[in-house]
Amino acid sequence: MIACGIRATVAKDVAFVSRQDHQFIRNNKPYYFIGANYWYGGMLAIGKDSTQGKERVKKELDFLKSQGVNNLRVLAGSEGRGLVNGVERLKPSLQPEQGRFQSDILQGLDYLLSEMAKRDMVAVLYLSNNWEWSGGFLQYLNWNKKISDSIMRSKMSWDGLRDNTSMFYSCEPCKQDYLKQVDLIMNRVNMYTGRPYIQDPAIMAWQLANEPRPMRTSAVEDYKKWTSSVASYIKSKDRNHLVTIGTEGIMGTDESAELFREVHAPPQVDYLTVHIWPKNWQWFKGTDINAQVKEVIKRSDGYISRHVSIARELKKPMVIEEFGLPRDEHLFSPSSATTARDEYFQTVFSSLKKSYLAGDVISGCNIWSFGGQARPREGQLLWKEGDDFMGDPPQEEQGLNSIFDSDASTWTLIKSFADTLSRKN
């Protein structure tokens with residue numbers, strides 16, 4: 001009876017984001033958005049400086065809202081501790097040891113969601129990670145003796161990383177450990193609002209993981225089974241929220257458009273995601289990004305178009321949920337220019353705007369990544385425990401892809417497109 005009462009209250013207060021064929025629906029009308037990756041948002045309101053962290057959350061949400069950003073992609077689950085793949089990982093961890101959870105960590109996510117609700121913002125929560133910077137699949141493999149401690153800590157080659165991570169999809173105890181974390185998060189009751197997460201409209205969607213890839217051809221069949229089974233599992237527990245996989249797109253399926261289409265075809269998977277990483281994919285070389293940005297834009301347009309065709313075929317929305325570019329001359333300082341990045345962002349936003357005006361499948365985009373009021377430490381490239389979180393994960397140069405609150409030209413661009421979306425919405 002209590003749950004029904006809460007559900008009725010939530011439904012009256014604000015609508016959940018839902019899907020109708022190829023469009024998101026919110027408040028009985030199509031929902032198109034410009035959002036941001038704010039992966040560390042749930043980490044700010046915990047720890048020794050929780051009061052200061054809460055103030056940062058409120059200030060940064062106010063800032064994002066003022067710029068027309070109303071959708072945030074946030075990390076919900078992190079695993080293990082110590083070095084992984086030769087670098088420090090995110091701290092603190094939700095699951096520092098196998099099966100032992102520091103549930104207090106989720107108080108930070110509680111706070112973030114409660115403050116987002118006050119501002120009519122929604123979150124996409126990803127439940128684990130293909131990559132090592134938050135523990136992720138490698139940690140599950142290590143706990144279940146598939147990867148030794150020494151290999152886990154050492155720097156792996158790209159082929160070694162692929163070999164190791166691909167084992168996750170055939171490791172039954174690893175997948176069961178993952179589901180225990182999923183259950184913990186989904187069964188959470190927000191300490192600030194009293195709402196169970198599965199009844200909270202401030203959550204738009206559950207995402208299986210950040211960029212899950214099969215990594216090796218030999219893992220493809222197990223990968224397909226895992227994505228569909230986990231999506232079905234989450235839907236069996238929660239009928240209020242959307243579910244998506246969190247893929248990069250065709251680049252994450254070894255250039256197999258068919259595999260990308262296949263994993264997004266099940267009815268339990270509500271929408272498609274695309275990530276675009278020109279630097280990681282070597283679409284430019286060196287530091288003169290401005291001279292190469294036209295080629296980057298050309299290749300990005302082509303990449304987006306390939307996925308739009310699949311989304312139309314499946315009649316599902318598509319979100320360009322990660323895309324980033326370093327600052328001019330590949331510098332990290334917030335005082336350096338963002339001319340090439342702005343030109344690149346304008347192109348991605350234009351794809352969204354065109355889709356939005358036509359009622360087409362591209363329904364949103366999330367910039368990578370909001371750095372907020374944090375700033376890199378002078379003379380220090382990588383994150384260290386105690387540093388402010390920003391958009392760049394611990395294994396990357398701090399300032400590499402972060403969009404800071406001081407990046408005026410970028411925010412002018414974002415707000416102009418966001419205003420266009422809000423006028424029709």
Side-chain angles (χ1 to χ4, degrees), residues 2-3 6 10 16 37-58 60-61 71-81 89-119 121-129 133-137 139-140 143 176-210 230 233-234 237-238 240-243 246 370 372 385 388-389 393-394:
I2 293 175
I6 292 173
V10 171
F16 290 88
N37 280 272
Y38 194 40
W39 62 264
Y40 57 88
M43 308 293 296
L44 296 178
I46 56 175
K48 293 186 296 184
D49 297 323
S50 61
T51 300
Q52 182 178 344
K54 289 177 180 178
E55 286 303 310
R56 180 179 172 188
V57 168
K58 290 190 288 187
E60 291 187 341
L61 292 183
N71 185 295
L72 302 178
R73 182 169 175 260
V74 179
L75 172 69
S78 55
E79 304 88 359
R81 57 188 176 188
R89 76 180 85 192
L90 171 68
K91 301 175 185 175
S93 172
L94 173 61
Q95 188 180 180
E97 297 174 5
Q98 186 177 18
R100 184 176 73 83
F101 296 94
Q102 296 187 122
S103 298
D104 289 354
I105 296 295
L106 291 175
Q107 292 178 11
L109 186 55
D110 290 348
Y111 187 78
L112 176 68
L113 291 171
S114 69
E115 291 297 319
M116 289 180 66
K118 294 174 185 177
R119 294 161 177 80
M121 303 170 84
V122 294
V124 174
L125 301 181
Y126 53 101
L127 298 164
S128 190
N129 203 340
W133 55 268
S134 63
F137 296 167
Q139 185 59 72
Y140 290 117
W143 280 332
Q176 289 303 312
D177 284 347
Y178 161 89
L179 288 178
K180 290 176 184 176
Q181 182 162 285
V182 170
D183 283 340
L184 178 85
I185 296 168
M186 291 185 64
N187 290 331
R188 177 80 178 175
V189 176
N190 191 308
M191 64 176 290
Y192 294 98
T193 66
R195 286 177 172 170
Y197 275 20
I198 62 172
Q199 295 174 3
D200 190 349
I203 298 172
M204 168 177 157
W206 300 109
Q207 192 164 91
L208 273 57
N210 177 50
V230 174
Y233 180 82
I234 293 174
K237 302 289 184 180
D238 179 0
N240 288 320
H241 293 108
L242 303 173
V243 174
F370 183 51
E385 189 173 8
D388 287 340
F389 290 117

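Given the structure is predicted, the values throughout are model-derived calculations rather than measurements.
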To the nearest 0.5 Å, tell me how far [X] [atom1] sits from [Y] [atom2].
| X | Y | atom1 | atom2 | result |
| --- | --- | --- | --- | --- |
| R81 | Q139 | CZ | CD | 10.0 Å |
| M116 | I203 | CE | CD1 | 9.5 Å |
| S114 | N190 | OG | CG | 5.5 Å |
| M43 | Y38 | CE | OH | 12.5 Å |
| E79 | L90 | CD | CG | 9.5 Å |
| L75 | N210 | CG | CG | 8.0 Å |

If you measure from the Lys or Arg side-chain nitrogens to the Asp or Glu carboxylate oxygens, is any gap between R188 and D110 under 4.0 Å?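 Salt bridge: yes.
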Side-chain heavy-atom pair [X], [Y] within 4.5 angstrom cut-off:
| X | Y | result |
| --- | --- | --- |
| L208 | Y233 | no |
| I198 | K237 | no |
| Q107 | Y111 | no |
| M204 | R73 | no |
| Q176 | Y140 | no |

Without swapping roles, check the side chain of S128 against the backbone of G136 for a donor-acceptor pair under 3.5 Å.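 Not a single qualifying donor-acceptor pair exists.
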Give a yes or no answer on whether the side chain of H241 reaches the backbone of F16 with a donor-acceptor pair at less than 3.5 Å.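 Not confirmed, H241 side chain does not pair with F16 backbone.
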Where do [X] and [Y] come nearest, in terms of heavy atoms and distance?
| X | Y | answer |
| --- | --- | --- |
| A45 | S50 | O-CB, 3.6 Å |
| S93 | S78 | OG-O, 3.2 Å |
| A76 | L125 | CB-CB, 4.2 Å |
| P92 | I105 | CG-CD1, 3.4 Å |
| A123 | L113 | CB-CD2, 3.9 Å |
| G77 | L94 | CA-CD2, 4.0 Å |

Checking ring pair (Phe, Tyr, Trp, His ring centres under 6.0 Å) between W39 and each of Y126, F370, W133, which is the one that passes? W133
Qualifying residue, where the test is side-chain contact (heavy atoms from CB on, under 4.5 Å) with L44 and the options are E60, Q52, K54: E60
Checking side-chain contact (heavy atoms from CB on, under 4.5 Å) between Q207 and each of V74, V124, V243, which is the one that passes? V124
Does any donor atom in the side chain of Y197 or N240 lie under 3.5 Å from an acceptor atom in the other side chain? no
Indicate whether any N or O donor in one side chain lies under 3.5 Å from an N or O acceptor in the other, for W206 and D238. yes
Could you please spell out the steps behind the side chain to side chain contact (heavy atoms under 4.5 Å, CB included) verdict for R56 and D388? CA-CA 11 Å; R56 180 179 172 188; D388 287 340; 4.0 Å; yes
Tell me whether Q102 at atom CD has more than 12 heavy atoms from other residues, nucleotides or ligands lying less than 6.0 Å away.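 Yes, enclosed.
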Go through the steps to decide whether L127 and Y178 satisfy the test side chain to side chain contact (heavy atoms under 4.5 Å, CB included), and finish with yes or no. CA-CA 9 Å; L127 298 164; Y178 161 89; 4.2 Å; yes
Determine, stepwise, if the pair M121 / L72 fulfils side chain to side chain contact (heavy atoms under 4.5 Å, CB included). CA-CA 8 Å; M121 303 170 84; L72 302 178; 4.1 Å; yes
Stepwise side chain to side chain contact (heavy atoms under 4.5 Å, CB included) test for L112 and Y192: CA-CA 10 Å; L112 176 68; Y192 294 98; over 6 Å; no
